[in-house]
Every structure is written in C-alpha cells, then in structure tokens.
Amino acid sequence: MSEQNTPIEEHHDVNKLIAERKHKLAALREQGNPFPNDFRRDATSDQIMAQYEHLSKEELEEKKIRVTVAGRMMLRRVMGKASFATIQDVGGKVQLYVARDSLPENVYNEGFKKWDLGDIIGGSGVLFKTQTGELTVWLDEIRLLTKALRPLPDKFHGLTDQEACYRQRYLDLIVNEQSRKTFLIRSKTVAYIRQFFNSKGFLEVETPMLQGIPGGASARPFETHHNALDMQMFLRIAPELYLKRLVVGGFEKVFELNRNFRNEGVSTRHNPEFTMLEFYWAYADYNDLMDITEELFRGLAQSVLGTTEVQYQGNVFDFGKPFARMSVTESILHYNPDVKLEQLTTREAVAELAKSLGIEVKANYGHGRILMEVFDELVETKLQQPTFITEYPAEISPLARRNDHNPEITDRFEFFIGGRELGNGFSELNDAEDQAERFHEQVRQKAAGDDEAMFYDEDFVTALEHGLPPTAGQGIGIDRLVMLLADAPSIRDVILFPHMRHTDKHGS
RNA sequence: GGGUCAUUAGCUCAGCUGGUAGAGCAGCGGACUUUUAAUCCGUUGGUCGAUGGUUCGAAUCCAUCAUGACCCA
C-alpha cells in the first residue's frame with residue numbers, strides 16, 4: 001500500500017503543511033491502518049450536554065460516568081504533560097482532557113501530540129467538571145480514526161470567503177455553525193411539510209424530471225438528448241401537468257417535493273435547479289388553498305422556529321395573523337396612491353402607464369400581461385408581510401380556471417413575503433377544450449419569439465378529456481421559504497451545493 | 001447584459017504618493033498536568049488571480065481577461 005502511495009506528485013505539494021501531514025500519515029501507515037473502522041462511540045456531544053451538564057462537580061466525581069466519543073479535533077491546548085482538546089461531532093462540541101499519565105505508555109507523546117487539528121479522533125473516559133465548570137471527558141483511551149491531510153481554516157475567524165463557502169461546503173459546515181443551522185432548518189422544514197400533507201391524507205408521488213415536453217410553467221428549459229431512443233428531452237420546469245394526470249387517475253390529493261430546473265440567470269433569488277412543493281387537491285378551490293397555506297406556514301414557523309414571528313434581515317414577518325388578501329388591481333392602487341383606477345382598466349391606459357415607468361410594452365402584450373408588468377414594477381417589493389394577490393389575468397395563466405364572473409381573470413393567486421414570490425396557486429383549468437385553446441395561444445406566442453411560452457401538450461389535453469375533477473393546486477418555492485426561516489440573504493446560503501461557474505481550480 | 005467593489009502565506013487580514021512582502025492563527029523546535037482563540041521563547045512558509053503595457057524599477061499605475069460579492073436589467 002505504501003509503495004503505491006509514493007506518488008511523483010509529492011514533489012508538487014504546494015505547501016509544507018500538507019507535506020508535513022503526509023509524512024505523518026506515512027509514519028502512521030508503518031504502525032498499522034491509519035483509517036480504522038472498528039471504533040464505536042456511545043454518545044454525541046449534545047446528548048452528553050443534555051444529560052449531564054446540570055450535574056455538579058461533586059456529583060460527577062461520585063458517579064464516574066463513562067462515555068465514548070468521537071469527532072473532529074477543532075482546538076487543542078497543550079500544557080506539557082496534559083492537554084485540553086475540543087472535538088466537534090454532529091451534535092456540537094465537547095472538551096476532552098488528555099493527560100499523559102492517564103493514558104497507556106507513549107500514547108500521549110508519540111500519538112496525541114503528533115496529531116493535527118482537523119484529524120478525526122475517538123476516545124473513552126469519565127466525565128468531570130473543570131475549575132471553570134466546563135463539562136469535560138477525562139480520557140483514559142484515545143485513538144486516531146482519520147488523518148486529515150489538509151489544514152482547517154482559521155480556528156477563530158473560520159472561513160469567510162463566500163466563494164470558498166459555496167464551493168467547499170464541507171469546510172463551511174465544519175467551521176461555520178450558522179451554516180449548519182441553516183441546513184438543519186432546511187431539513188426540518190421539508191420534514192414538517194411531508195408530515196403536514198401526509199397527515200391530511202395527501203399522497204406523496206414522484207413524477208418525471210426527464211420529460212419529452214416541458215410543461216407546467218413559463219420558463220426556458222434545459223435540453224438534453226436520450227441516446228437509445230434518439231430523442232430530444234428536457235429537464236422539467238415544473239411537475240404540474242403530471243400531477244394533474246394523477247388526479248385524473250383518481251389520486252385526489254397528491255404532493256411532490258423535489259427539483260425543478262430552469263435555464264435562466266443566477267441571482268440571490270435564483271438557482272438553475274431549485275426545490276418546489278406542488279400539491280393538488282380535488283374538490284377544493286383557490287380559497288381553500290389560501291386557507292391551507294396559512295395553516296401550513298403558521299405551523300411550520302412554530303415547529304421550526306418556535307414562534308410565528310419570523311425575523312428576516314431586520315424585519316419581522318408575522319405568520320400568526322391572517323395573511324392579507326387583495327387583487328392585482330387593488331394592490332397597485334393600494335401601494336401607489338398616485339395611480340388611478342382608470343389607468344388600469346383598459347389596455348391603452350395601462351400601456352401608457354407602463355411606458356411612463358420605463359417598461360417595454362411589446363405589440364403582442366395584452367391588457368393582462370401589461371398589468372402584471374406594472375404590478376412587478378410597482379408592487380412586488382412592497383409586499384413585505386405575508387400577502388395573497390388574487391385575480392391574475394387569464395392571458396398569463398394558461399393552466400388556471402377562469403373566474404365565473406370575469407373570464408379575463410382566473411381563480412388564481414400568488415403569495416408574497418418579504419417582497420418575494422413564494423408560491424402560486426389556482427383552481428385548475430379542467431375544461432379540456434379551453435385548455436387546448438390556451439395551449440394554441442401559447443404556441444402562437446412561442447412562434448412570435450417568446451421562448452418562455454408553453455408547448456402544446458396533446459397527451460395532457462387527452463387526460464383532461466377523460467375528466468379532471470374540480471381541483472385546486474399550488475406550488476411553493478422551498479428554497480425561498482427556507483431563506484425566510486433561516487434569515488438567509490441569498491438562495492445560495494440555503495442550497496448545499498449551489499451552482500457556480502466552472503473553474504480549473506475546484507471544478508464544479 | 002450594465003455598474004461598483006474585491007482577489008496578497010493553508011486561513012483571517014495589513015501593505016501610504018511606485019523602491020523586489022508583513023502580522024495573527026495554523027505548521028515546525030522548545031517550556032508548561034484544569035486550559036478556554038491557552039500562554040511564553042525561537043522558527044519555516046509567497047509565481048502578490050492571469051496576461052500584456054508604462055517605468056531604471058510594479059503587489060501598488062494603465063489595459064484586457066478570469067473568478068466572486070453586491071446593486072441594476
């Protein structure tokens with residue numbers, strides 16, 4: 001083994017720190033396998049703290065509680081013949097007391113003192129409290145479990161370089177507690193959502209991410225090619241059309257929690273792949289969706305954060321109160337007292353308003369499309385507290401059911417928190433003939449140069465012809481939701497391995 | 001796509017109006033058996049993001065490029 005590991009590249013070791021550690025590893029190989037896998041711990045640091053932190057110095061001396069722990073050595077304070085070391089495991093940190101005379105012959109000088117910060121070690125001993133009252137394990141047994149060849153980032157400052165945190169997330173997780181917390185919040189959020197929908201009788205399903213026709217949203221897809229079938233394929237931009245097929249099939253309450261892909265720019269709010277919750281609920285409408293969304297968000301914040309008041313970047317968003325509900329038109333008027341209702345009611349008037357705001361109005365834009373451009377400009381960022389915006393124009397809602405009183409609008413809403421769209425829901429269009437006509441209109445838009453317009457999905461129309469029961473469905477962006485709960489300013493902070501440009505240095 | 005800023009040791013950062021590079025941590029050697037970013041003494045370590053240019057001389061000035069952050073589209 002060690003012969004194989006005498007690489008030519010050893011001369012190329014860029015820095016002496018790595019070379020030093022490799023020499024130590026070579027010496028360890030002489031003595032046996034430096035990567036053993038026969039060590040078993042019986043406690044993690046958080047368990048130890050929870051169970052024994054409250055005991056006094058005297059009680060601990062009396063009880064002689066033995067624990068076996070393992071983790072990465074993060075700090076070490078050597079004081080001659082004894083040392084303190086701090087190890088970090090999945091539950092947090094715990095301090096070890098390592099004294100020469102408590103260990104077998106030579107282990108302290110020939111072993112422990114030669115190991116490095118970043119190495120994974122394990123040991124057994126009795127709990128005690130130090131003079132300053134810190135719960136500590138007095139080891140009588142210690143082993144090196146994994147040799148680390150690269151040094152950790154600065155033990156005090158950690159890793160602050162954003163790029164390094166994203167590209168080498170493992171380092172970020174090792175040294176930045178905030179980052180660990182963020183991903184714990186993410187995990188709890190997803191777990192809560194699963195439990196929430198399961199408890200309400202929704203069935204979790206998985207539908208294709210590799211699709212022949214990308215549908216369910218207006219977005220540019222990633223394209224790929226299936227070699228054996230010699231056919232063009234797309235990564236999905238949304239699961240919507242497949243989930244509705246399942247409702248046609250009789251699964252009346254379904255949800256899917258997984259990845260969508262959109263071939264668009266990256267920003268603090270956009271990653272090319274992102275996680276969506278979509279759920280479909282037969283015999284319900286968009287008002288039911290707004291109600292269940294409030295219930296979900298309230299329970300989620302309470303469960304994950306222990307409060308319904310969500311602190312985000314210096315603001316407080318109250319998930320406890322009923323969420324505001326207003327129409328697109330109402331919201332424009334409400335947040336812009338200068339704008340008059342007459343400026344919104346005809347295509348000509350709203351086009352003029354849009355132009356005065358510097359918005360480009362293309363010839364093929366209808367009244368509804370222009371109204372939404374104005375909304376994006378004048379309202380979206382002002383929707384700080386949780387708000388549902390309703391009455392979306394049919395023109396930009398090709399999959400949503402028309403309103404019974406006004407066919408130009410749909411029974412649809414989007415909802416916003418902190419000036420960002422978090423979700424989109426509507427009563428589903430289940431009129432197959434209307435759906436076919438709306439797809440035709442999308443195809444016309446695509447032909448006119450709108451590459452975000454939808455494809456005609458004949459199989460989906462066939463499914464609708466078999467009868468989709470009256471249904472409501474909604475999507476919620478999980479990454480943006482986690483940003484809120486974790487108080488994270490960028491979507492990259494809540495995605496473990498965010499998209500980064502390829503570099504020779506690290507790959508991606 | 002546009003603007004602003006950044007890139008110097010493994011990590012965190014200094015480095016002035018141009019004169020060939022510095023600290024702390026980590027590492028290495030030594031002292032130290034209750035430390036807390038341990039402390040104390042000594043010490044190694046750099047293609048200053050890349051490529052051109054200006055200059056007797058460039059980490060520093062200029063141009064282009066790369067990567068990132070933030071803002072705007």
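Please read these numbers as outputs of a predicted model, since none were measured by experiment.
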Do Arg236(A) and Asn258(A) touch side chain to side chain, with heavy atoms closer than 4.5 Å?
-> yes
More than 12 foreign heavy atoms under 6.0 Å from CD of Glu53(A): is that the case here?
-> yes
Between U67(B) atom C1' and Asp161(A) atom CG, what is the distance in whole Å?
-> 10 Å
Pick the C1' atom in G29(B) and in U47(B), then give their distance to the nearest Å.
-> 29 Å
Return yes if a side-chain donor-acceptor contact under 3.5 Å exists between Asp89(A) and Ser45(A), otherwise no.
-> yes
Mind telling me whether Phe375(A) and Tyr392(A) have parallel, tilted or perpendicular rings, with 30° and 60° as the class edges?
-> perpendicular
Base, sugar-phosphate, or nothing: which does Tyr166(A) touch, judged by heavy atoms less than 4.0 Å apart?
-> sugar-phosphate
Rounded to whole angstrom units, what separation is found between the CZ atom of Arg167(A) and the P atom of G49(B)?
-> 17 Å
Write down the distance separating the P atoms in U8(B) and A59(B), rounded off to the nearest Å.
-> 15 Å
Distances for protein N/O vs nucleotides 25-28 of chain B N/O pairs under 3.5 angstrom?
residue, atom, partner, partner atom, Å
C25(B), O3', Lys155(A), NZ, 3.2
A26(B), OP1, Lys155(A), NZ, 2.6
C28(B), OP1, Lys24(A), NZ, 2.5

Across the strands shown, which category fits Gly265(A) at heavy-atom distances under 4.0 angstrom: base, sugar-phosphate, nothing?
-> nothing
Contact under 4.0 Å: Thr130(A) side-chain N or O vs U35(B) OP1/OP2 = no
For U34(B), which nucleotide is its Watson-Crick or G-U wobble mate, given both distances must be under 3.5 Å?
-> none
Between Asn109(A) (CG) and G30(B) (C1'), how many Å, whole number?
-> 13 Å
Just by distance, with hydrogens left out, do Tyr97(A) and Gln95(A) show a side-chain donor and acceptor under 3.5 Å apart?
-> no
Are Glu273(A) and Asn260(A) close enough that a side-chain donor and a side-chain acceptor fall under 3.5 Å?
-> no
Any strand, both distances under 3.5 Å, Watson-Crick or G-U wobble: A21(B) pairs with none
Paired to G42(B) by Watson-Crick or G-U wobble criteria (both distances under 3.5 Å) is C28(B)
With Tyr166(A), which residues qualify under ring-ring contact (aromatic ring centres under 6.0 Å, His included), at least two apart?
-> none
Just the atom pairs and distances: protein N or O near nucleotides 71-73 of chain B's N or O, under 3.5 Å.
none

Out of C70(B), U34(B), G68(B), which has the shortest distance to the side chain of Ser490(A)?
-> C70(B)
Separation of U35(B) C1' from Met74(A) CE (nearest whole Å) = 18 Å
Tyr108(A) and Ser83(A): side-chain donor and acceptor closer than 3.5 Å?
-> yes
Does Arg77(A) place a side-chain N or O at less than 4.0 Å from the phosphate oxygens OP1/OP2 of A38(B)?
-> yes
Would you state whether a donor and an acceptor, one from the side chain of Gln95(A) and one from the base of U35(B), lie under 3.5 Å apart?
-> yes
Looking at every strand, decide which applies to Val78(A) at a 4.0 Å heavy-atom threshold: base, sugar-phosphate, or nothing.
-> base
Contacts of Phe84(A) and His157(A) projected onto RNA chain B by closest heavy atom; the upstream (5') one is His157(A)
Take atom P in A58(B) and the same atom in A21(B), then report the distance between them in whole Å.
-> 12 Å
Compute whether any side-chain donor of one residue and acceptor of the other, for Ser124(A) and Thr68(A), lie under 3.5 angstrom apart.
-> yes
Complementary nucleotide of G1(B), counting Watson-Crick and G-U pairs under 3.5 Å = C72(B)
Taking CG from Asp119(A) and P from G10(B), how many angstroms apart are they, rounded to a whole number?
-> 19 Å
Rounding to the closest angstrom, what is the interatomic distance between G19(B) and C61(B) at atom C1'?
-> 14 Å
For the pair made of CG in Leu60(A) and C1' in U34(B), what is the distance, rounded to whole Å?
-> 15 Å
Nucleotide U67(B), atom P - distance to NE2 of His499(A) in whole Å | 10 Å
Can you spot which of Lys147(A), Arg72(A), Arg76(A) makes a salt bridge (Lys or Arg N to Asp or Glu O under 4.0 Å) with Asp116(A)?
-> Lys147(A)
Please report, rounded to the nearest Å, how far the P atom of G45(B) is from the CD1 atom of Ile18(A).
-> 17 Å
C1' atom, U7(B) versus A50(B): distance in rounded Å?
-> 11 Å
Inter-nucleotide C1' distance (G46(B), A23(B)), Å rounded = 14 Å
Taking the P atom of each, how far is A38(B) from A26(B), in whole Å?
-> 7 Å
Does any non-hydrogen side-chain atom of Leu496(A) lie less than 4.5 Å from one of Arg186(A)?
-> no
Pairwise P distance, G52(B) and C70(B) [rounded to whole Å] = 32 Å
Please give the nucleotide sitting opposite U51(B) as a Watson-Crick or G-U wobble pair, both distances under 3.5 Å, or none.
-> A63(B)
Do Glu441(A) and Arg438(A) sit within salt-bridge range, that is, some charged N less than 4.0 Å from a carboxylate O?
-> no
